[in-house]
Each structure stands twice: as C-alpha cells, then as structure tokens.
2 protein chains.
Amino acid sequence: MGLLRGKESILIFLAEGAAFAREVKITTSMLAKQVEVSQQTASRLLIQLEREGYVTRRIVGKETYVRLTEKGVNELIGLYARLKGIFERPVKITLEGRVFSGLGEGAYYIGLPGYYNQLKERLGFEPFLGTLNVRLSSSASIEGRLLLERVADIVIEGFKDEKRSYGGAKCVKAVFNDVDECAILFIERTHHDASVIEVVSPYKLRERYGLKDGDKVRLSVNLQPAFFFNNLLGTGNV
Amino acid sequence: MGLLRGKESILIFLAEGAAFAREVKITTSMLAKQVEVSQQTASRLLIQLEREGYVTRRIVGKETYVRLTEKGVNELIGLYARLKGIFERPVKITLEGRVFSGLGEGAYYIGLPGYYNQLKERLGFEPFLGTLNVRLSSSASIEGRLLLERVADIVIEGFKDEKRSYGGAKCVKAVFNDVDECAILFIERTHHDASVIEVVSPYKLRERYGLKDGDKVRLSVNLQPAFFFNNLLGTGNV
DNA sequence: ATTACTATTTCCCGAGTAA
DNA sequence: TTTACTCGGGAAATAGTAA
C-alpha cells in the first residue's frame, strides 16, 4: 500500500527519527520492517543512499549509525515545499456563464425580513433586492458549482410564518467579473438544475454592468485549502 | 535527479495543477517531460494509477482529462502530514555531562558591566555572577554542542576599555536538569575545547542543586524547526 | 500530432548464504 | 545475532511502431 518506494521511505523514516540533527542507530532489519522491504533490500538501499550522497553511515563494530546529509535534508525539504505549495495555496474556482431572466421571485424572497436580515449579517453587505440568474456555460463550471455547493459555508436558515414555511440556503462569497464582492446562493429546494446559479450582490448588477440576457459573466471563489480539503474529503466524492 | 519515482511525481504534478478540484487536460508526452520518463512510461504509469484508483481518466477523442480521486488526494495529504510532522515539530537537543571547576573567571567576566548588561537584557533574567562548567560526556552531546554553537542566536558583543579588549560570545536559551531556565554560553575565543560548555543561570546552580565536581547534569534546548533548518542549511555541513 | 501495444533491455527485489 | 554478497526471476523502462 502506498506509493512511496524504498529510498524515499527510508529518508522520511530517518528524518522522523531526527536523523538530520544527529546520528541515528539502526539495523537493516528494523529498517526493512519500517519500509516494508526485505532486510537485503534495506541494506542495499542504504548503501545506495550513501553512494548517492543522501546519508552517511558510520559502522562501529556491529552497530551502524546513520544521518542525513545536507543533500538528504534538502531532498525532503524540497518535497515538503512542493506539497506545502499545493495544500496551503488558496484554491481558485471560476464559474462562467450567461445571464438569463428568471421569474423575478429572487427579489421577493430576498426582501423577506426572514432572509434579508440573515443575508445582510452573514454576507457583510446589504443585498440588492434581486438575484442575477446565470446559466453556466461549460461542464467545468457546472462541476465547479457542484463542488462549491458542497463547500459553501454561509448558512441561511429557513423559517415559517402564518401562511407557509420558507426553505434554507447556503452561500459562498465570490467575486463578480473579477471586481465586485458578491455571493453565490445555493437554495435548498430550487426548481433550477445544477447548471444555474443565483448571484446576490450589494448592487443591481444588470445596471452596473449594463447586462442583457445572454451576456457572459464570471464568478470566482477563493477557498482556503485547509477548509477546502476538510469539506471535500471523507465525502467519498472528490 | 531526485528520489521521487514516476507515480508519485505524476500525482504531485497533477495536484500542482489543482487536479483535485477539477479535471486537468494532459498529454502523455508533456507528462513524460515533467516527471522525466519516456512517453511510453508516462502512458503506462497513468494507466496504472487509474487501475489502482489514484486518478480518473476521461478520454475525449484525442484529448485526455485526468483528475485525482479521493484516494489520490489522501495519498498526498498523508505524505504532507508526515513531512509536516518532521519539519514543524520542535527539535529537542539534549547535552549531558559532568560538572567541573574552572578557574573562576566566569564570575569575573559576567560581572563586567559590558557583559552583564547585555546578558541581562538578551537572556531575560539577571545572571548569577558565575558560570557552571560542564564537560560533556558523550560524543552525541559533543556533536549537539557543535550544532548548537552554529545555531545560537543570542549575540553578546565584545567591547574595549582602557586596558584591553573583551571578545564576543553567543548563547542559546536552555533548560537545566529539565526544570530551570538557563543559557549555554559559547565564548568566541575560549581556551576550552568542544567538549566543554559554560552555563549561565539566574541561580547559583551548584548551591540550588547541591552539585559537586563530577555530578551529572543535563541541558536541553528546544529549537523551532524553521529556525533550525535555516541556520543549518547552506553551511555545507549538516 | 496523439495513445498505447509488443519486444527488448535494464534494473530491482529477495532467497540463500558467507563472514 | 549482525551486514551485505551473488544470483535468478520478475518487474519496470524504453524502443519501435500501430492505430
């Protein structure tokens, strides 16, 4: 199991024993157990690592002391830096699509105090009374939408009044056309399919950008990677 | 160069292209260039990665789209976590040795205002007027000492008066016998060899611990790893 | 241009075993 | 016990090439 091969495994195992700061006493058979190879292979790999300049070996009688060289440490640091780059860099997800006209219910729902007050508080801006409907124009955008829906972290709770009950929703903050703060709204029981998003903004976006039906718009979301992976993993569906 | 083999390299390369969040378009020949194998090998490795469940491939005409599966992402996260454990954990260096009597100059030098004031300010305690001499009793401790000397970050500057000039020194904060705050002093031009350290403390340690010549003592230093590696690397002498 | 098959070579693993 | 050699089998890499 696992993709790491003998040599890398040995370097990592040695580093876990702080072999960068001091010599570490080892036997080839315990090394073999750790990295899941035979004793013979562990011995050979250690010799190779020494020849290639990743470790030094000092043999005193029957005991062997190993430590990482600078090259060995740098190898691991380089790998660590690459992975850090992957997992600590914000993940930018971009959705592209075209504006279309809905039934105008967005304005009605957002205007309800039960929604409006939550939106205002949790989005950090006063939402314009209406949503911009966008039909996503690529499968990449649709996939991105599905991913964002699972990762959306701003929860708008449903509520009831005398007449009926109103469902909940989730949002993520996004950037509209690379400039304006906005949020993408994921409504729990919507009649829209996965190719549609609704955008909430402090502005009347149609006016601000002179948008007509069919015009292209772009939404981008920056996710903190730790957050991203926490929400993504363990769902069986990366 | 480098220890990573084809498969791991491919996973990392894909992750660098954010293939955990979306499908990434690739060709086997550019993949081959990236991971430094032949095109044939890149093709085979990609097929194997798919069979083993690390990636999914989607082939559309002549184009191939690849993305990491959850298993693939977890593989990388696991590796990242191991390396993080290595490089973010404090590095503890312990020196052990036996007390011996010096010439008593320690008290004289520390009492000089030119040293005393710097020590007090930079160590954060009022040093007792004297140093405890410790002869290190193992080669591991001596090695640790050499390492600490290179990494010591508290600088005590030399100075002059009418009669003579006084050399500089470096210190690291340490813990004496697992309890008391102290510092290990590395004097620039000392007559001691590398098996000896001098300990500065707010207390008269001989009294506080009832120490006689020959008694064993232990000094430990916790180094922040980032700091540790910054100071250690690039010196050609890990 | 692609991908990926087959054939060949090269490399690596581990059993057996010496020291 | 150790370490580490030889050696045979098998895996992995590349060349050649088809599609």
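Fair warning: this is a prediction, and the values are worked out from it, not measured in the lab. Scope of the values below: all heavy atoms of this structure, side chains included, with no hydrogens, waters or symmetry mates.
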Answer yes if the ring centres of B:Tyr209 and B:Tyr203 are under 6.0 angstrom apart, and no otherwise.
no
Map B:Gly6 and A:Ile59 onto DNA chain D by nearest heavy atom, then report which one ends up closer to the 5' terminus.
A:Ile59
Return the value, rounded to whole Å, for the distance between atom CG of B:Leu31 and atom C1' of D:dA13.
15 Å
Expressed as a whole number of angstroms, how long is the span from A:Gln48:CD to D:dT3:C1'?
15 Å
Could you walk me through whether B:Glu23 and B:Arg67 satisfy the salt bridge (charged side-chain N to carboxylate O under 4.0 Å, His left out) test, starting with their C-alpha distance in whole Å, then the side-chain angles of each, then the deciding distance to 0.1 Å, before giving a yes or no?
CA-CA 5 Å; B:Glu23 285 189 330; B:Arg67 82 185 303 167; 5.4 Å; no
From C:dA4, D:dA4, C:dT3, nucleotide with atom closest to B:Thr28 side chain
C:dT3
From C:dA4, C:dC13, D:dA13, pick the nucleotide closest to the side chain of A:Leu45?
C:dC13
Let me know the distance between CD of B:Gln40 and P of D:dA13, rounded to the nearest Å.
12 Å
Could you walk me through whether B:Lys170 and B:Glu149 pass the salt bridge (charged side-chain N to carboxylate O under 4.0 Å, His left out) check?
CA-CA 8 Å; B:Lys170 294 193 294 183; B:Glu149 184 166 6; 6.0 Å; no
With a 4.0 Å limit, can you tell me whether B:Arg44 has a side-chain N or O closer than that to the phosphate oxygens OP1/OP2 of C:dT6?
no
Candidate nucleotides C:dA1, D:dA4, C:dC12, ranked by approach to the side chain of A:Gln39 - the nearest:
D:dA4
Integer-rounded Å distance: C:dA4 P and B:Leu49 CG:
13 Å
Taking atom P of D:dT3 as reference, at what distance in whole Å does atom CD of A:Glu50 sit?
14 Å
Given side chains that start at C-beta, do those of B:Leu79 and A:Leu79 come closer than 4.5 Å, heavy atoms only?
yes
Using the side-chain heavy atoms of B:Ser29, tell me which of these nucleotides is nearest: C:dT2, D:dT14, C:dC5.
C:dT2
Atom CD of A:Glu52 and atom P of C:dC11 are separated, to the nearest Å, by 13 Å
Name the closest nucleotide to the B:Thr41 side chain, picking from D:dT14, D:dA12, D:dA4.
D:dT14
Decide side-chain hydrogen bond (donor to acceptor under 3.5 Å, both in side chains) for A:Glu96 and A:Ser137; before the verdict, give the C-alpha distance in whole Å, the side-chain angles of both, and the deciding distance to 0.1 Å.
CA-CA 6 Å; A:Glu96 291 182 316; A:Ser137 46; 5.7 Å; no
When you get a sec, tell me which of D:dT3, C:dT2, C:dA1 is the closest nucleotide to the side chain of B:Lys62?
C:dA1
In whole angstroms, how far is the P atom of C:dT2 from the OH atom of B:Tyr65?
14 Å
Starting from P on D:dA12, measure out to NZ on A:Lys7 and report it in whole angstrom.
16 Å
Under 4.0 Å, counting only non-hydrogen atoms across every strand here, what does B:Thr27 touch: a base, just sugar-phosphate, or nothing?
sugar-phosphate
Looking only at side-chain N and O atoms, does A:Arg5 come under 4.0 Å of OP1 or OP2 in D:dA12?
yes
